[in-house]
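Below is one structure; the comments refer to it alone.
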Number of protein chains: 2
Amino acid sequence: MDRIDKKLLTLLQQDASRTNADLAAEVGLSPSSCLRRIRRLNAAGVIERVVAVLNPAKAGRSVKAIITVELERHGEQYVRRFLDMAAKEPAVTQAYSVSGATDALLMLRLKDMEELDALTERLFREESNVARYYTTFVIRTGKDTTEIPI
Amino acid sequence: MDRIDKKLLTLLQQDASRTNADLAAEVGLSPSSCLRRIRRLNAAGVIERVVAVLNPAKAGRSVKAIITVELERHGEQYVRRFLDMAAKEPAVTQAYSVSGATDALLMLRLKDMEELDALTERLFREESNVARYYTTFVIRTGKDTTEIPI
DNA sequence: TCGTCGCATGCAATTTTATTGCACAAACTC
DNA sequence: GAGTTTGTGCAATAAAATTGCATGCGACGA
């Protein structure tokens, strides 16, 4: 993982649709050499996947909401069960168990409020071990990226 | 945006490194037709970008933290100013202003605790208009995806 | 210090993939 | 129902990725 690898990772995190020759020129390598580096990064699992990122509004998911959850029973297996259940929901994009006052945090991508209603209905029913939950809405997005500094 | 477009978007959100011919076969189109659809989705901005997603641990960023922030002055321009400042931090992957008891929420990708220390030092200095902030750590990740259901 | 080994590199040939022109068919408009 | 728009598949072409091979550089041990 030298300087060139890091540069490649930065560039690919910003735009993975560029041609290999283009990237090669930018990092100062030949296309073949550049390609071999990228393949190595792929094989090593540093690059986990290459994905298309959609415009949420144009994909009909403009509402972003965050739910913090306090469970009834806090044991590890209960937390895990809740996370598994939450992860199955397509509208849930992130599901974490967290330290602090609450047990879990969910990030949601919603079409409308009805969808939120239906979702909370499913996740927070009587038997679901949830003591309390707090819903907050994202008003403005200052930043939302998948890019990790290397 | 018919059934085929949606299927393409779903597939590309999961893996955008597949060949066009491969995708075309899966959705039941010819390569040329499939390519034109994808290009149309790109041009329309439905597909915002194509990016490489890294393995955080292998990229040396294993700590994920969430900071909720309460500002001193809550006016829109103050919130915006804070978000802009937060967005400039490479370790901040998501920065939102939110409804509810707090004003903003940040999602962080950190190398270690020192980095958190330095970051909070920068973001929450005396003059920064932050009244209070609460840091929580992600213990377990049940789900973390960029995929939006169509 | 010199020789050797391992590894990354660039070039050029090859293979694979993306792209385009074209003719045709379906849907939609007037 | 004629004309227009829009999408489609096929085949040719262009572009890109991939591979084999020879070279060069640095690390390591004799």
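Naming convention: chains lettered A, B, ... in sequence-line order (proteins, then strands); numbering from 1 in each chain.
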### Message
Nearest whole Å is fine: how far is dT9(C) C1' from Asp5(A) CG?
### Response
14 Å
### Task
Output every pair passing ring pair (Phe, Tyr, Trp, His ring centres under 6.0 Å) with a member in residues 128-150 of chain A, not counting sequence neighbours, ordered by first then second residue.
Phe124(A)-Tyr133(A)
### Task
Specify the closest pair of heavy atoms between Leu110(B) and Ala91(B), including all atoms of both residues, with the distance to one decimal.
CD2-CB, 4.1 Å
### Task
Would you classify Arg40(A) as touching base, sugar-phosphate or nothing, given that sugar-phosphate means primed atoms plus P, OP1 and OP2, and contacts are heavy atoms under 4.0 Å?
nothing
### Query
Considering all heavy atoms of both residues, which atom of Asp117(A) and which atom of Thr120(A) are nearest to each other, and what is their separation?
O-OG1, 2.9 Å
### Exercise: do Tyr96(A) and Gln94(A) side chains pair donor with acceptor under 3.5 Å
yes
#### Entry: Donor-acceptor pair (no angle test) under 3.5 Å: Arg36(B) side chain, dG9(D) base
yes
### Message
Measuring to OP1 and OP2 of dA18(C), would you say a side-chain N or O of Arg39(B) lies under 4.0 angstrom away?
### Response
no
### Query
Ignoring hydrogens and geometry, is there a side-chain-to-backbone donor-acceptor pair from Arg61(A) to Pro149(B) under 3.5 Å?
yes
### Donor-acceptor contact below 3.5 Å, side chain Thr141(A) vs main chain Lys143(A)
no
### Query
Among dA18(C), dG7(D), dT18(D), which is the nearest nucleotide to the side chain of Leu35(A)?
dT18(D)
### Task
Report yes or no: is there a donor-acceptor pair, N or O only, under 3.5 Å between the side chain of Ser32(A) and the base of dG10(C)?
yes
#### Entry: Distance, rounded to the nearest Å, where Ile38(B) contributes CD1 and dT17(C) contributes P
14 Å
### Query
If an axis is fit to five pairs at each end of the helix from dT1(C)-dA30(D) to dC30(C)-dG1(D), what is the angle between the two, to the nearest 10°?
40°
### Query
CZ of Arg3(B) versus P of dT8(D): gap in Å, rounded?
11 Å
#### Entry: Distance, rounded to the nearest Å, where Ile4(A) contributes CD1 and dT9(C) contributes P
6 Å
### Query
Is a side-chain N or O of Ser128(B) found less than 3.5 angstrom from the main chain of Leu123(B), in a donor-acceptor match?
yes
### Any residue of residues 13-27 of chain A with a heavy atom less than 4.0 Å from an atom of DNA chain C
none
### Task
Whole angstrom is fine here: how far is it from CG in Leu41(A) over to C1' in dA8(C)?
14 Å
### Message
dG10(C), OP1 or OP2 - any side-chain N/O from Ser33(A) closer than 4.0 Å?
### Response
yes
### Query
Do you see a donor-acceptor pair shorter than 3.5 Å between the side chains of Glu48(A) and Asn55(B)?
yes
### Query
Can you tell me how far P of dC7(C) sits from CZ of Arg37(A), to the nearest Å?
14 Å
#### Entry: Nucleotide dA17(D), atom P - distance to CG of Leu12(A) in whole Å
11 Å
### Query
Short question: side chain of Asp5(B), backbone of Leu41(B) - any donor-acceptor pair under 3.5 Å?
no
